[in-house]
Every structure is written in C-alpha cells, then in structure tokens.
Amino acid sequence: MSGSRRRRGDEQASRPVTQATVGVSNQFEYIDGQLRPSQAALFEHYAAANEQAVHSGQPALELPYGPHARQTLDLFRTAERRRAVVAYFHAGYWQSRDKSGFRFLAPPLTADGFDVAVINYPLSPEQGVMEIVNAAAAALPVLAELTDNAPLILVGHSAGAQIAVELAMAAGSHAAAIAGIVSISGVFDLEPLLDTTVNAKLGLDPATARAASPVHRAAPGAPRTLFAVGALETRAFRDQTTRMAGAWADAGNPASQLTVPDADHFSILTELCREDGMLRAAIGDFDRPASTS
C-alpha cells in the first residue's frame, strides 16, 4: 500500500501545475498534503525536548525587542567559544505557533558553539505579512547588542523562511553582520495561498500577496543561503524552494539547494538536532569562507 501511495505521489509530482488545477490543488499542496500521521508523536517528542532545553540550558527567556507583546526572544548561550549567533524564526503561516515550541533546537547548536535566539513575532490577522516582517526586523539590532555584534545566521522554517529572506534583503546597516541564511521549507510566492484556508486570517489579495513574495524581488548583495526542503513534502513546497534558490542565484547571490531525504515539513527540523544532521552541518559551515570553486 505504501508503494502505491508513493507511485501516486510521484505521478502527482511530475504533473505540471496549470491554471486549471491551481484553485483545486492549493489547499492540498499547502495545507492538507503536508500532514502526516507521524507528526503527532513527533510534536510530543519536540515538547519534551523543549522542557529539557529550558531546564538544562538556563536561557534568558522572553527578552523584549520591541513594544508588541510578541516581540520577544529566548536567548540560549553557548558554553564554548562563540562562533556566531543563530536567529531562528518559526513556522505557522504568519498566524500561529510560538517560539516556546521550538526551543528544542537550541541545545544541539549551543553545543556546536553558537548562541541561539528563538524569536517570536506578531501574527495575523492583527498584522499583515509585511508588517510582521518589519516587526521581526527589530530583533536584529537587539541581538547585535546582546551578543557584541557577533555574526548572525538567520534560520527560518516555512513562514519563518520568508521572514529570514526578507530581513536579509532589507537588513541595511546590519547586512554585513549576516553571515548566511538557512531557509527550510519556505513559502516565497504567497499568491497560491489566496484560495487556501490560511488566507482567512492573512487577508491577502493579489497585490499584497505579490508584494510579500520575495521570489519576485531578489537583488544582489544578499548573503549566501542554503535553501532546503524535505523530499516528502508536497510538490508546491519543493517548487517554492527551487524557484527561490534560482531567483537568489540569478540575482548574483551565493545559493545552494538541498533536498533532505525521508523528511516531511516538520521532521526536517530534526536535521538541526542530530549529530550528523544535514542542516546542523550546514549551519556549522557558515562561519567558514564560501567555496570559490
């Protein structure tokens, strides 16, 4: 049965997206098709690891970086010689989830010599997507002050990947401090979300969706970026990653792409934690010079 499902998935993945199928398929591609029965147990595991991270790591919790109640971050300090600061922006389609659900990512990275900031940001419908991005940008100067201007590595997952890319493109005086980006399963073209259930809170129309889509605005001068996606994710998420990596490279920015085998939209985060995790290794590479080959 699993084989037949895989064959059907492969057939779907090979079919081109056409205007006739877009309205029907987007709810599946961006919402329903990302769900897996295994995710309930995975989130239970993450919840237990979150508790352990707080009790063992002694982080500074709920540090404000702006006036909004959700402009807060948790800062985990490394006991090693600090290599850089990882700033993590969580998933949730700009309307749900909380940094407290992703504290488990910090201990493996602090063990590797990174300070780790797990960052909250305002949510829709209170704020629109680009208002959220602008609010999240206020975390960068605060982190610089808290960490003596250490290099930043921006890590974003799903909606958080869009935020990380937008922050890097608009970093201004903080651009030099951004050593790189790890983009995980990002949404960089928001127009397909118009006819999905998540738009009830996002309130996007064609103009605002396009304005919030960094795939249309990649420009030179951005830091090197790894665009990663799980092999078990829907075609739309894999296509989003490919398109954004291509736009980044076409603008003259260093870009690489990684498809993580046997990973879905949420199990891919384990690659930040495992000792031999592909994304954990990628973060370790960002404080080294980029290859010129």
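It should be emphasised that the depicted structure is a prediction, and the values quoted were computed from it without experimental measurement. Residues take their numbers from the sequence shown, with the count starting at 1.
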Intermediate values then yes/no, side chain to side chain contact (heavy atoms under 4.5 Å, CB included), Q39 and D264:
CA-CA 9 Å; Q39 288 170 353; D264 63 38; 3.7 Å; yes
I'd like to know if the side chain of [X] reaches the main chain of [Y], judged simply by a donor and an acceptor atom lying under 3.5 Å from each other, with no hydrogens or angles considered.
| X | Y | answer |
| --- | --- | --- |
| N199 | L193 | no |
| E80 | A111 | no |
| N120 | Q71 | no |
| E51 | A48 | no |
| T110 | T78 | no |

Is a donor from one side chain sitting under 3.5 angstrom from an acceptor on the other, for [X] and [Y]?
| X | Y | value |
| --- | --- | --- |
| W94 | Q162 | yes |
| D239 | T242 | no |
| W248 | T225 | yes |

With the side chain counted from C-beta on, respond yes when [X] and [Y] share a heavy-atom pair under 4.5 Å apart, and no when they do not.
| X | Y | answer |
| --- | --- | --- |
| I31 | Y93 | yes |
| F104 | C273 | yes |
| I184 | F227 | no |
| D115 | V86 | no |

If you apply the rule ring pair (Phe, Tyr, Trp, His ring centres under 6.0 Å), what do you find for F237 with Y30, and how did you get there?
CA-CA 7 Å; F237 272 87; Y30 288 95; 5.5 Å; yes
Quick test of your reading: applying salt bridge (charged side-chain N to carboxylate O under 4.0 Å, His left out), list the pairs with at least one residue in residues 197-218, sequence neighbours left out, ordered by first then second residue.
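Output for this query lists E166-R217, E191-R210.
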Evaluate the side chain to side chain donor-acceptor pair (under 3.5 Å) criterion for residues T197 and Q27: first the C-alpha distance (whole Å), next the side-chain angles of each, then the deciding distance (0.1 Å), finally the verdict.
CA-CA 7 Å; T197 53; Q27 180 68 24; 3.2 Å; yes
With side chain to side chain contact (heavy atoms under 4.5 Å, CB included) as the criterion, how do Y88 and V182 come out once you've worked through the C-alpha distance, each side chain's angles and the decisive distance to 0.1 Å?
CA-CA 9 Å; Y88 180 81; V182 176; over 6 Å; no
For the hydrophobic clusters of this structure (ILVMFWY residues joined by side-chain heavy atoms under 4.5 Å, transitively), does one cluster hold both [X] and [Y]?
| X | Y | answer |
| --- | --- | --- |
| L190 | L194 | yes |
| L75 | V54 | no |
| L61 | L63 | no |
| L232 | F266 | no |

From T241 atom OG1 to R238 atom CZ, the distance as rounded to the nearest 0.5 Å
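Between atom OG1 of T241 and atom CZ of R238 there are 10.0 Å.
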Between R224 and N253, does a side chain to side chain contact (heavy atoms under 4.5 Å, CB included) hold up when you go through it step by step?
CA-CA 6 Å; R224 63 178 165 135; N253 302 310; over 6 Å; no
Derivation and outcome, side chain to side chain contact (heavy atoms under 4.5 Å, CB included), residues I163 and I132:
CA-CA 8 Å; I163 292 172; I132 290 168; 4.1 Å; yes
Using the ring of each side chain (for Trp, its six-membered ring), is F43 parallel, tilted or perpendicular to Y46, with breaks at 30° and 60°?
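Geometry flag for Y46 against F43: perpendicular rings.
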Derivation of the salt bridge (charged side-chain N to carboxylate O under 4.0 Å, His left out) call for R83 and D112
CA-CA 8 Å; R83 298 164 64 182; D112 290 347; 5.7 Å; no
Is [X] salt-bridged to [Y], going by a charged N under 4.0 Å from an acidic O?
| X | Y | value |
| --- | --- | --- |
| E271 | R280 | no |
| E62 | R70 | no |
| R103 | D74 | yes |

Counting only heavy atoms not in Q52, do more than 12 sit closer than 6.0 Å to its CD atom?
no
Mark yes when over 12 heavy atoms from residues, nucleotides or ligands other than H216 sit less than 6.0 Å from its NE2; otherwise mark no.
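Yes, the 6.0 Å shell around NE2 holds more than 12 heavy atoms from other groups.
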Show me, pair by pair, the donor-acceptor contacts under 3.5 angstrom made by side chains of residues 145-160, not counting sequence neighbours?
{"residue": "T147", "atom": "OG1", "partner": "L143", "partner atom": "O", "Å": "2.6"}
{"residue": "H157", "atom": "NE2", "partner": "H265", "partner atom": "O", "Å": "2.8"}
{"residue": "S158", "atom": "OG", "partner": "H265", "partner atom": "NE2", "Å": "3.1"}

